[in-house]
Amino acid sequence: MADRLEGEELAAAVARLPAWQYDPLAGSIGREIVLADFSAAFGFMTRVALLAEKAGHHPDWSNSYNRVSITLSTHSARGLTARDVELAQAIDKLLA
């Protein structure tokens, strides 16, 4: 099981992810991405799914037309872990 980030380590991780919102009650980070249309959103989700499958770490997410909402946390750790931060950074690189 991955260790939950806490204290300064958590603050530093969240600071490295300016596009993501940290929810301290849920112990998660989230982001909503708006793309050009449904096709672009679906293609983006497919690329994220491949990253997540390779990492063995899967997001909670939803899609409505051109919007993709993503929430990351590690359920077994009951909070945010390095795995969540790494996946968030990989997702951000897809959008760069």
Side-chain angles (χ1 to χ4, degrees):
M1 172 182 8
D3 292 330
R4 184 175 60 207
L5 299 175
E6 295 181 355
E8 290 180 17
E9 192 175 31
L10 173 62
V14 170
R16 289 192 308 269
L17 300 168
W20 295 78
Q21 300 296 317
Y22 176 63
D23 180 345
L25 294 176
S28 65
I29 52 174
R31 181 171 182 186
E32 181 173 278
I33 297 106
V34 178
L35 297 132
D37 54 27
F38 178 76
S39 181
F42 192 85
F44 170 73
M45 290 181 75
T46 301
R47 291 189 302 277
V48 171
L50 293 171
L51 286 174
E53 190 64 23
K54 184 176 180 181
H57 192 61
H58 305 93
D60 291 325
W61 59 0
S62 64
N63 164 245
S64 179
Y65 184 60
N66 68 334
R67 296 177 185 274
V68 178
S69 297
I70 303 173
T71 302
L72 299 172
S73 69
T74 301
H75 301 290
S76 62
R78 297 188 176 161
L80 204 65
T81 68
R83 295 181 77 195
D84 302 302
V85 174
E86 290 166 7
L87 185 54
Q89 290 172 323
I91 291 168
D92 286 347
K93 285 182 183 177
L94 290 176
L95 295 164

Side-chain donor-acceptor pair present, Glu53, His58, cut-off under 3.5 Å: yes
Criterion side chain to side chain contact (heavy atoms under 4.5 Å, CB included) on Arg4 and Arg78, from CA distance to verdict: CA-CA 7 Å; Arg4 184 175 60 207; Arg78 297 188 176 161; 4.0 Å; yes
Spatial distance of atom CD (Glu32) from atom OG (Ser62) [nearest 0.5 Å]: 8.0 Å
Considering all heavy atoms, the nearest Ser73-Gly27 contact: CB-O, 3.4 Å
Side-chain donor/acceptor of Arg83 to backbone N/O of Gly56, under 3.5 Å: yes
ILVMFWY clustering at 4.5 Å (side-chain atoms), partners of Val14: Leu5, Leu10, Leu17, Trp20, Tyr22, Ile29, Ile33, Leu35, Phe44, Met45, Val48, Leu51, Trp61, Val68, Ile70, Leu72, Leu80, Val85, Leu87, Ile91, Leu94, Leu95
Non-hydrogen side-chain atoms of Arg16 and Gln89 separated by less than 4.5 Å: yes
Exam field: side chain Asp84 to backbone Thr74, donor-acceptor pair closer than 3.5 Å: yes
